[in-house]
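One structure is given here, and the rest of the page talks about it.
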Protein chains: 2
Amino acid sequence: MRGITASRADGMTIGQISELTGVNIETIRYYEKIRLLPPPLRAANGRRIYGSTESRVLAFVRRSRELGFSLDEIRALLRLGGPGKASCREVRDIATLHLDDIRAKISDLRKLERLLAATIARCSGTTAPDCPVLDILDVQRRN
Amino acid sequence: MRGITASRADGMTIGQISELTGVNIETIRYYEKIRLLPPPLRAANGRRIYGSTESRVLAFVRRSRELGFSLDEIRALLRLGGPGKASCREVRDIATLHLDDIRAKISDLRKLERLLAATIARCSGTTAPDCPVLDILDVQRRN
DNA sequence: GCTACATCCTGTAGTCACTACAGGATCAAG
DNA sequence: CTTGATCCTGTAGTGACTACAGGATGTAGC
């Protein structure tokens, strides 16, 4: 008769949970230091011990980071997903704000891309004295 | 009889060149400290004095930063645009590498945007116990 | 001349999200 | 019993700034 949340992944070292979740060992300790993650159990020799719950949370954090959430946003998401009472609306609000951020960044980068690409296209590649790339950066060049 | 490179913008204080170029005062001093910019002349009282040449360079740096060039890339561009001998090919190479970076970032962000938007769309906004946003982040949630 | 206030100076520390060490303890295998 | 891997704590470095502390000037009004 196994525990309800038990899995094959209990009793891991920090190296094992790092392997399992793909999060760097130093990063895991860093997350603990800034209190993004609660301090785990310790073995008699002082080493950290992780279980399946910890690995689930850590995987969540990693996925959120990959999606570009800041650690503060993740902190909020963890609180909301925490002790029941998770309000889907609040989670959606955080995610929506983040989506707006992403869209603004994409729009900015696209403008940059067009400008830079057009400029480079005008570039002969020879050792011409006036370079269009330098020109576009240096508005006052032709003074 | 005025000097060849003289303009109305000579003999500025750091506050004035900051105003003119839109670069923060602290940032200008920071650029000097990391040797992105050469140390300017000083007045008898020790204050920095800038002229039109400095403001041209600083505007170039600002524009390059807006286009997302790193300070190291800008350092290289300044060297290339520096004492004549500017090879347009080298400038184009730096800009092209940077353009590749920008395109990769856009592509990454677009993937994120699609994933996040689709997830949020599945969100009812009610206080449903299983939130699609948390679900997609927390792969093992339904254990 | 005096008083305010703005502007300048240097130098240090904080931001974000890590990463990289230094210097030591402990463990597992041969 | 030695070697090498893994772990521990703590500090410092990254990029590109920003913010402040604490002090020295400059400028304007009275």
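Proteins get letters first, then strands, A, B, ... in listed order; numbering begins at 1 in each. The basis for the numbers below is simple: all heavy atoms, side chains too, and nothing from hydrogens, waters or symmetry mates.
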### Query
After noting the C-alpha distance and the side-chain angles of A:Lys105 and A:Asp108, does the key distance pass the side-chain contact (heavy atoms from CB on, under 4.5 Å) rule?
CA-CA 5 Å; A:Lys105 262 181 210 148; A:Asp108 281 357; 5.7 Å; no

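- For B:Arg62, the salt bridge (Lys or Arg N to Asp or Glu O under 4.0 Å) partners two or more places apart in sequence, or in a different chain, are B:Glu66.
- Only A:Tyr30, A:Tyr31, A:Asn45, A:Arg47, listed by number, bring a heavy atom of residues 30-48 of chain A to less than 4.0 angstrom from any atom of DNA chain C.
- Pairs engaging residues 18-30 of chain A under the side-chain hydrogen bond (donor to acceptor under 3.5 Å, both in side chains) rule: A:Glu26-A:Arg29 [sequence neighbours left out].
- In B:Arg35, the CZ atom is not crowded: 12 or fewer heavy atoms of neighbouring residues, nucleotides or ligands sit closer than 6.0 Å.
- Along DNA chain D, the stretch of nucleotides lying under 4.0 Å from any heavy atom of chain A spans, 5' to 3', D:dT6 to D:dT11.
- If you check every strand for non-hydrogen atoms under 4.0 Å, A:Arg29 touches a base.
- Atoms CD (B:Glu26) and P (C:dT15) sit 17 Å apart, rounded to a whole Å.
- Put simply, B:Thr13 has no side-chain N or O that comes within less than 4.0 Å of OP1 or OP2 on C:dT7.
- Counting only residues at least two apart or in different chains, ring-ring contact (aromatic ring centres under 6.0 Å, His included) contacts with residues 92-111 of chain A comprise A:Phe69-A:His98.
- For the segment residues 101-112 of chain B, the set of residues with a heavy atom within less than 4.0 Å of an atom of DNA chain D is empty.
- With sequence neighbours left out, the side chain to side chain contact (heavy atoms under 4.5 Å, CB included) criterion links B:Leu112 to A:Leu67, A:Ile102, B:Leu109.
- In this entry the distance linking CD1 of B:Ile14 with P of C:dA6 reads 19 Å, nearest Å.
- In terms of the side chain to side chain contact (heavy atoms under 4.5 Å, CB included) criterion, residue partners of A:Arg47 (sequence neighbours excluded) are, by chain and number, A:Asn45.
- When the salt bridge (Lys or Arg N to Asp or Glu O under 4.0 Å) test is applied to A:Asp100, no partner is found at least two apart in sequence or on another chain.
- A:Ile28 places its CD1 atom 14 Å from the C1' atom of C:dT19, with the value rounded to the nearest Å.
- Taking A:Thr13 as the reference, A:Gln16 meet the side chain to side chain contact (heavy atoms under 4.5 Å, CB included) condition, with sequence neighbours excluded.
- Taking the side chain to side chain contact (heavy atoms under 4.5 Å, CB included) definition, one finds that A:Ala118 meets it with nothing, sequence neighbours left out.
- Note: CD1 (B:Ile49) to C1' (C:dT7) measures 15 Å, nearest angstrom.
- Scanning for salt bridge (Lys or Arg N to Asp or Glu O under 4.0 Å) contacts around A:Arg110 gives an empty result, with sequence neighbours left out.
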